[in-house]
Protein chains: 6
Amino acid sequence: MTFESRPSGRAVDQLRNILITRNYTKHAEGSVLIECGDTKVICTASIEEKVPGFLKGKGQGWLTAEYGMLPRSTHSRMDREAARGKQSGRTQEIQRLIGRSLRAAFDLQAFGERTLHLDCDVIQADGGTRTASITGAMVAAYDAFSKLAGSGAIAAVPAKHFVAAISVGVYKGMPVLDLDYVEDSDCDTDMNIVMTEAGHFVEVQGTAEGAAFDRKVMNRLLDLGQAGITDLIALQKRSLGLA
Amino acid sequence: MTFESRPSGRAVDQLRNILITRNYTKHAEGSVLIECGDTKVICTASIEEKVPGFLKGKGQGWLTAEYGMLPRSTHSRMDREAARGKQSGRTQEIQRLIGRSLRAAFDLQAFGERTLHLDCDVIQADGGTRTASITGAMVAAYDAFSKLAGSGAIAAVPAKHFVAAISVGVYKGMPVLDLDYVEDSDCDTDMNIVMTEAGHFVEVQGTAEGAAFDRKVMNRLLDLGQAGITDLIALQKRSLGLA
Amino acid sequence: MTFESRPSGRAVDQLRNILITRNYTKHAEGSVLIECGDTKVICTASIEEKVPGFLKGKGQGWLTAEYGMLPRSTHSRMDREAARGKQSGRTQEIQRLIGRSLRAAFDLQAFGERTLHLDCDVIQADGGTRTASITGAMVAAYDAFSKLAGSGAIAAVPAKHFVAAISVGVYKGMPVLDLDYVEDSDCDTDMNIVMTEAGHFVEVQGTAEGAAFDRKVMNRLLDLGQAGITDLIALQKRSLGLA
Amino acid sequence: MTFESRPSGRAVDQLRNILITRNYTKHAEGSVLIECGDTKVICTASIEEKVPGFLKGKGQGWLTAEYGMLPRSTHSRMDREAARGKQSGRTQEIQRLIGRSLRAAFDLQAFGERTLHLDCDVIQADGGTRTASITGAMVAAYDAFSKLAGSGAIAAVPAKHFVAAISVGVYKGMPVLDLDYVEDSDCDTDMNIVMTEAGHFVEVQGTAEGAAFDRKVMNRLLDLGQAGITDLIALQKRSLGLA
Amino acid sequence: MTFESRPSGRAVDQLRNILITRNYTKHAEGSVLIECGDTKVICTASIEEKVPGFLKGKGQGWLTAEYGMLPRSTHSRMDREAARGKQSGRTQEIQRLIGRSLRAAFDLQAFGERTLHLDCDVIQADGGTRTASITGAMVAAYDAFSKLAGSGAIAAVPAKHFVAAISVGVYKGMPVLDLDYVEDSDCDTDMNIVMTEAGHFVEVQGTAEGAAFDRKVMNRLLDLGQAGITDLIALQKRSLGLA
Amino acid sequence: MTFESRPSGRAVDQLRNILITRNYTKHAEGSVLIECGDTKVICTASIEEKVPGFLKGKGQGWLTAEYGMLPRSTHSRMDREAARGKQSGRTQEIQRLIGRSLRAAFDLQAFGERTLHLDCDVIQADGGTRTASITGAMVAAYDAFSKLAGSGAIAAVPAKHFVAAISVGVYKGMPVLDLDYVEDSDCDTDMNIVMTEAGHFVEVQGTAEGAAFDRKVMNRLLDLGQAGITDLIALQKRSLGLA
């Protein structure tokens, strides 16, 4: 193949090294450090014994997510959102995506009037922070629910299926899996895919940042993504001792 | 087909009635009322003779979008975002989508150090406000650039290609085109597609709000969307007297 | 009379063409498009089945108003207040005026623990947006209360009297009725008058933007205003089928 | 006259005791404590050697005002606006009124590219704080400009005419001058009048808080106001040693 | 001693003239004007018949403080915090200090479910505004509680001990008591001390703005502070008629 | 000694285990993870090639600090400050303290018109986060300046002296060094001390949260703090290979 090699030397369908460290910090019910190459995100899962107002008295739970980046997690320092007094549109978009993705993984009816708060904080960014957040948050949430089940508060972890997420994109004309920062900054198309272990889509968000892309490329990107997510879910399960 | 009929009685691949009224208000360089069934959005395009700081001196233009809903455009009254003092995450997500979609339609290098501001304000909502906004904003932007070209400030309308947008989704198990509010409130999957006249993707945003969806459904949704967008772009061109 | 003619060619005591379209949008209990020449405002009235905290348990209702302008309702584009994160002093001043004026029109004791929200959104501005808002909101509120009475929730529309509003001012030295934008931008005095059908004052707000004005001019302005409001209230009643 | 006497025992056309103390604080170019009965407002005038952006390079000055109340200047403690993070609509309305009124008093062309900042801070409130602010700010501004003239920076105090302000209203059916808090809380109509020394109107803001009022009452209120302002302007001049 | 004399001519251990005026404004339960040389602060104490949420139902009271400066209390005009929409870090730091200091003076268990709000507003600043605020607030709080005790609502003023505060610092190499603005602007070390009448520390906040200071200087500063506070507490008691 | 043992079993003058890991993240010019027992803070130092407006053209540098806590760094989850839209008073107080402390360590004249941004983000809290931040930030800043010196942009690291910080307090009646969370939650007095390597004070902030403390306790606390800081500075230097 005449493909100009990827900056990292990876094959087009090759994930970066992924490491999942559980119990990374000590206070949270679930706490995971996920490393995807040089991208590092702390994902914590906190259980609160109440639900938002719109769910009070309905006997079901809620799951919500927030996302942040340390100011110098990036190449040049970003303003601190707390100091500016508001979260950027990008931050809100990402945390809404994380929340929807994880709500698809768990049965909200099955854990009582509780809220699971997921906090995904990027301590080092090198591309793919939102997909790493989703993949890591799945494990943190699983741990938190295991603890809750262990305490007898609920019967079992209310997981419907595992979800994981990955980015795919078109870099120098070639569809590739798991873009790092160098690729992401110079790609034509960037797509984030969230899938279940059954290979079903939870979210697909594709953007043509350069040239619009045709159906054939779309299909290739979906193939790459599905293969990557299969590997990620296997890794999630191994890290939890479930496989 | 044994499909339980859509609430509106439309065929699964049938758009709502779409009306595009140009020159809807008198001050803006481009001003369009787009009606997609009962969804009504005013899209204005305003040209400003300067660019944001990060582009100063680079000789190119910028295009940006904002989105809003009148408080009682919806079934029950929403809080006014200006009074609450911030735009919701949903609003920011939508206006970022509109901006990216329209930046894909025009050549930013070709209209000098100017900013095109698109304002999409929903006066009545019945599902599909973000896609209606994109489809209407394309026409408003075209009109604004025509006026600029007419004044001699630029040589021609700097359009690379037309873009339009539509929603598709899975309603009661069946992929359908152009969801209205009743369908949208009760669907399993909702996907917004932005495409060029060549049938290339600019944006794809699909969310499984209920069950995750498989690749076969994905393909059917993309087919429906592409057909709908072809019709919308034909309509845009007719309304502009270009076809 | 040697008076230099008004830019619009109107007589000094002549209103612009006023059109009131009821049921303009479909969700609100009352929804009016009011057009005063080229000024166009959507006024919706929404009934909420609760009152603010300070009125809870007192058995009475509340009425409140908000005002906004679409960013390109004006000659040059204004910042969107929701994006800036706050309403301007002008906006707040206007919505307080609308609220006070309409509270004078209805008997707050007579519609139970409900809130009537009035939203006045300017889609095209050509002077006189606050007075058009008041005049239109009167009709929208009347419609909303009629619907409530029709449902049997209240015995009758709790109107004490009709109110309408108009601007008067001193343009090129001559007192005139109903200033349009061109006149408003170049006038010495601008006064907004809100009156009941009995010709009693609800609000008078006059500002000498250029030269201060004497008592004789004041009297002439009040005369002009009263005549204009008499016509507007007749029009409100006709549009409601009450006259 | 069968008029039920005013709570304070004042005649209907009688002002409260008014005291103007110049040089009340030491840093400001002009600093006045104005006491109208138990209403006490500190008015400072600060000169800044620049103008807002919209006036840069035009060779003229600007005058602007801000207003605040100490949290316990009132009967029950109010929230501190700085702590709540925003000024109320009432505050903004008042400071806009003060600014317009004082801009009418001075020739903005005549003091160079400078801004006069007026700060009116209520330390004790007993009705009429906005009119006291205007009357006091006139003296503070005069002092600040005198200092500027004394330094040789400008030729003379750029006053066009003196302005002062007073409230009038209908209390228990009777038009009265200069309402105190007890009257203000229980009046049917409240009107604030700003006038020049020539008896010309700068601002008139009347609100029927209870019953709407007719033209005859309007005329009586304007008469009362004009008489009161004549006295206030005499007092301003005496306090400045000009009469 | 070869010490270059202080700008004010005071001895190194000499306080400025301190004046405490009680009942300075009429609405607050306690209201004090404290003058420390040219520094003037209005301290009001307001009693509210409820406690913050975190204390509800616990049968105890709360005490909290807020601090502000009039925009032109200072040499050059500062922005108004209410207009900027937030309190500075300095303001928050100071009001937290005042609150902690006064909570040390009173027995929160002994005045029921009530909140004492202290508002310290600087009308003229010449150094030492935060310590003047604490010293004045002690008297205002005492007065407010006296009034509450007088009404029979509580048995006695719930004071544990008097507290007062003063600044000390190193000016031109010499430790001095009670820095004024000229000294404060040019000092190496600035320390604020809050003490009880028994000479025990409630707060010590020292900052080396220039050279770091050694233990010997620390000791001298603490000596100076303790002596000054002894005098201040005597003055507080005299002003309250307690000594 | 009859002292009831500390919860951790440490001696009264014993620091927790302190670990300093340099180059913790890859983008920042200086990046340190400091662990004080279970308290873990990431301190990054970022160099920006410009200074704030008030220093422009003066040829000197600036150093500033920000502080944050991950929402679940604490026992129970705290609200995210970026989501609430403002930093708490506590956060602002801490970041002001960090900034002042580090400005005392470096010669601002000696690194040109550059800003050093310190970001201290707590990923796990167990007491003493502000002092750990200062001690860690010293190393991160040193590294950043070394890099700048290595590039030839400045002649040498512009350190005046090392600074470190530690807390001391009175726990169950006994002065102790380096309080952990359990001690901090139940102490009478909490004091933070920032000192230079010469044993000179940069900052002292002591608060009597329970009983006020006398001069003898003050002296003992200062002794404990000085000894602890001597050890911390030795550790800083070893970690930098300077000792």
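Everything numeric here is computed off the predicted structure, so don't read it as measured data. Naming convention: chains lettered A, B, ... in sequence-line order (proteins, then strands); numbering from 1 in each chain.
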Next on the checklist: Please determine whether a side-chain nitrogen of the Lys or Arg among E:Glu183 and E:Arg10 lies less than 4.0 Å from a carboxylate oxygen of the Asp or Glu.
Outcome noted: yes

Next on the checklist: If you count heavy-atom pairs within less than 4.5 Å of chain D, which of E:Ser31, E:Ala83, E:Ser76 leads?
Outcome noted: E:Ala83

Checklist entry - Do D:Gln87 and D:Glu66 have side-chain atoms, one donor and one acceptor, less than 3.5 Å apart? => result no

Checklist entry - How about D:Phe106 and D:Phe111: are their ring centres within less than 6.0 Å of each other? => result no

Item to check | Contact origin within D:Thr74 toward chain E - heavy atom pairs under 4.5 Å | outcome: backbone

Next on the checklist: Does D:Lys86 have more than 12 heavy atoms from other residues, nucleotides or ligands lying within 6.0 Å of its NZ?
Outcome noted: no

Checklist entry - Do the non-hydrogen side-chain atoms of D:Val51 and D:Gln60 ever get within less than 4.5 Å of each other? => result no

Checklist entry - If you check every heavy atom in residues 18-28 of chain E against those of chain D, which residues fall under 4.5 Å? => result E:Tyr24, E:Thr25, E:Lys26, E:His27, E:Ala28

Item to check | D:Ile42, part contacting chain E, at a heavy-atom distance under 4.5 Å | outcome: side chain

Item to check | Full working for side-chain contact (heavy atoms from CB on, under 4.5 Å) between E:Ser167 and E:Asp190 | outcome: CA-CA 7 Å; E:Ser167 76; E:Asp190 180 21; 4.2 Å; yes

Next on the checklist: Would you compute the distance between atom CD1 of E:Ile94 and atom OH of E:Tyr67 and round it to the nearest 0.5 angstrom?
Outcome noted: 4.0 Å

Checklist entry - Are any non-hydrogen side-chain atoms of D:Glu29 and D:Phe145 less than 4.5 angstrom apart? => result no

Checklist entry - Hey, which of D:Glu81, D:Gln124, D:Glu48 has the most heavy atom pairs under 4.5 Å with chain E? => result D:Gln124

Next on the checklist: Less than 4.5 Å to any heavy atom of chain E: does that hold for the side chain of D:Arg77, its backbone, both, or neither?
Outcome noted: side chain

Checklist entry - Any ion pair linking D:Arg80 and E:Asp119 (charged N to carboxylate O, less than 4.0 Å)? => result yes

Next on the checklist: Please determine whether side chain to side chain donor-acceptor pair (under 3.5 Å) holds for the pair E:Gln236 and E:Thr135, giving the CA-CA distance in whole Å, both sets of side-chain angles, and the decisive distance to 0.1 Å.
Outcome noted: CA-CA 8 Å; E:Gln236 287 172 329; E:Thr135 303; 4.6 Å; no

Next on the checklist: Given heavy-atom pairs under 4.5 angstrom as the criterion, report whether the side chain, backbone, both or neither of D:Ser73 touches chain E.
Outcome noted: backbone

Checklist outcome for this item: Looking only at D:Asp38, D:Thr44, D:Asp121, D:Leu70, the option with the highest number of non-hydrogen pairs under 4.5 Å against chain E is D:Asp121

Next on the checklist: I need the residue from E:Gly85, E:Ala82, E:Ala125 with the largest number of non-hydrogen atom pairs under 4.5 Å to chain D.
Outcome noted: E:Ala82

Checklist entry - Given a strict heavy-atom distance threshold of 4.5 Å, which part of D:Gln95 is in contact with chain E: side chain, backbone, both, or neither? => result neither

Checklist entry - Which value, rounded to the nearest 0.5 Å, describes the distance between E:Cys120 atom SG and E:Leu102 atom CG? => result 7.5 Å

Next on the checklist: Taking side chain as everything from C-beta outward and backbone as N, CA, C, O, which of these in D:Ser46 sits under 4.5 Å from a heavy atom of chain E? Side chain, backbone, both or neither.
Outcome noted: both

